[in-house]
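See structure below.
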Amino acid sequence: MNSIVDRLKEVRSSIESACLQSNRSSESVQLLAVSKTKPASDIRSLYHAGQQQFGENYLQEALTKQQQLLDLTDIVWHFIGPIQSNKTRDIASHFAWVHSIDRLKIARRLSQQRAQDAPPLNVLIQINIDDESTKAGIQPEQLVEFAGEMAQLPNLKLRGLMTLPAAEASAQQQQQSFATMQRLYSELASQYPTVDTLSMGMSNDLESAIKAGSTMVRIGTALFGARDQTRSNE
């Protein structure tokens, strides 16, 4: 079995290959290591191999890991899971990025609860690109108004968009969804100079996502192996 550091090298190689095929610089795509349900020791191993950005879905689990890794002062923590109102204070305090904004109420709470002496919280708007009833995210047609409201919040920095395409989509449907996301992202970037991030693509579709213009791929399984089904209660 390959070590976690070997898998990191393989994922980086896949990103570089996808960028080469798309005539893009490998520097144009960031790797977010999705470490949910995985131990702090795995994060530490990847960090020492040069990975700094980590994504967590579950707040209490993430806070425990952050305490265990306090010595790694330049880790960049991303919150990528659904956000409940009673979790916003801790998210605003302990993360540099939030990918899953789809309600103005949550955005306002994050802005209000971000420390005044901290840099603005980097935020992405989640788009429900395939209109799935089980998925969070706003509808594409809501983006212009939603982004306009968010951009006025003083302690947030609008960085772009995130999406989770339908898992059972055909290759053609996936390409269409990715193309729509790229169009929405380009339109948003033309209006807001802070927008530079399209968080799109995971272990099984990173090549297609990069071809469609993703600037950040969220990789869990290919790095850490299958998800551990046991986790801290929220």
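Reckoned from all heavy atoms, side chains included, excluding hydrogens, waters and symmetry mates. Residues take their numbers from the sequence shown, with the count starting at 1.
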Euclidean distance, [Y] [atom2] relative to [X] [atom1], rounded to 0.5 Å:
| X | Y | atom1 | atom2 | answer |
| --- | --- | --- | --- | --- |
| R24 | S26 | CZ | OG | 10.0 Å |
| Q176 | Q172 | CD | CD | 5.0 Å |
| T180 | D130 | OG1 | CG | 8.5 Å |
| S208 | M200 | OG | CE | 9.5 Å |
| L124 | D102 | CG | CG | 12.5 Å |
| L161 | I125 | CG | CD1 | 6.0 Å |

Identified side chain to side chain contact (heavy atoms under 4.5 Å, CB included) partner of P140 from the options I129, D131, T163, N128:
I129
Would you call [X] and [Y] a side-chain contact if the rule is heavy atoms closer than 4.5 Å?
| X | Y | answer |
| --- | --- | --- |
| I43 | I75 | yes |
| V34 | L223 | no |
| I15 | V11 | yes |
| M181 | Y185 | no |
| I101 | M162 | no |
| Q66 | F95 | yes |
| I127 | I138 | yes |
| T37 | F224 | no |

Taking only residues two or more places apart in sequence or in another chain, which ones pass salt bridge (charged side-chain N to carboxylate O under 4.0 Å, His left out) with E10?
none
Counterpart residues, salt bridge (charged side-chain N to carboxylate O under 4.0 Å, His left out), relative to E132 (two or more places apart):
K135
Quick one, S177 with Q173, criterion side-chain hydrogen bond (donor to acceptor under 3.5 Å, both in side chains). Give me CA distance, side-chain angles, the key distance, then yes/no.
CA-CA 6 Å; S177 296; Q173 290 170 325; over 6 Å; no
Give me each pair satisfying side chain to side chain donor-acceptor pair (under 3.5 Å) with a member in residues 88-101, each pair once, sequence neighbours excluded.
H78-H99, T88-R109, T88-Q113, H99-S199
Output every pair passing salt bridge (Lys or Arg N to Asp or Glu O under 4.0 Å) with a member in [range], not counting sequence neighbours, ordered by first then second residue.
| range | value |
| --- | --- |
| residues 189-216 | R159-D196 |
| residues 64-86 | R44-D71, E56-K65, E61-K65 |
| residues 110-127 | none |

Here the pair of heavy atoms bringing V195 nearest to G160 is CG1-CA, 3.9 Å
How far apart are the closest heavy atoms of V217 and S214, and which atoms are they?
CG1-OG, 3.9 Å
More than 12 heavy atoms of other groups within 6.0 Å of E145 CD
no
Crowded around E141 CD? As in, over 12 foreign heavy atoms under 6.0 Å?
yes
Any side-chain donor near an acceptor of the partner, T64 and Q68, under 3.5 Å:
no
